[in-house]
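For reference, the structure is listed below as structure tokens.
Everything numeric in this text was worked out from a predicted model, so none of it was measured. Each residue takes its place number in the sequence, starting with 1.
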Amino acid sequence: MIIFGTKGYLYQLAVLTMVCGWCGNPAAHTLRKRVTKFTLFFVPLFPFSTKYATQCTFCGGERQIPKEEADQLLVQAAAGQDGNAYGRAPQQPGVTPPGQNPYQR
């Protein structure tokens, strides 16, 4: 007797801020990779399906995207973690940079 089947794996690759195509709100979107693998005797052997999708955290709307677009979004997410557009590292809320009085504007 041979036991075979499939098993799905879901990977969260990044969290991006985009305007949702479903609700129109600028909200966080999760970039996800869904891989389906062929199993033999409950051992995953090789992937035979890979799909990418973004899901809005505000409304839950999900959109399938091609691999090329997912790669571009991953590059944007990596660039966004290095710092903001002005070349400074993002500050944590409530942290005052050295040399500034927290009560002055």
Determine the minimum heavy-atom distance between E62 and W22, stating which atoms define it. O-NE1, 3.5 Å

Does some side-chain heavy atom of L13 sit less than 4.5 Å from a side-chain heavy atom of L74? yes

Indicate yes or no: at least one non-hydrogen side-chain atom of R63 is less than 4.5 angstrom from one of E69. yes

Compare every heavy atom of A28 with every heavy atom of V15, then report the nearest pair and how far apart it is. CG1-CB, 4.0 Å

Do the side chains of H29 and C20 get nearer than 4.5 Å, heavy atoms only? yes

Verify side-chain contact (heavy atoms from CB on, under 4.5 Å) between T54 and Q64, making sure each step is shown before the conclusion. CA-CA 7 Å; T54 59; Q64 298 289 327; over 6 Å; no

Crowding at OH, Y11 (>12 non-hydrogen neighbours, <6.0 Å): yes

Is I65 close to L31 at the side-chain level, that is, under 4.5 Å between some pair of heavy atoms? yes

Sub-3.5 Å donor-acceptor pair from the side chain of T39 to the main-chain atoms of G5, do we have one? yes

Hey, does the Lys NZ or Arg CZ of K37 hover above the aromatic six-ring of Y9, less than 6.0 Å from the centre and inside 45° of the axis? yes

Is there a side-chain contact (heavy atoms from CB on, under 4.5 Å) between I3 and L40? Walk through the geometry before answering. CA-CA 6 Å; I3 301 172; L40 184 64; over 6 Å; no

Hydrophobic cluster membership, V19 vs F58, 4.5 Å side-chain cutoff: no

Taking the side chain as every heavy atom from C-beta outward, state whether V35 and K33 have any atom pair closer than 4.5 Å. yes

Hey, mind stepping through T36 and K7 against side-chain contact (heavy atoms from CB on, under 4.5 Å) and telling me if it holds? CA-CA 6 Å; T36 305; K7 179 167 172 97; over 6 Å; no

Ring centres under 6.0 angstrom apart (F48, F38): no

Mind listing the closest non-hydrogen atom pair of I2 and F41 along with its distance? CA-CZ, 3.9 Å

M18 side, atom CE; L16 side, atom CG - distance, nearest 0.5 Å: 5.5 Å

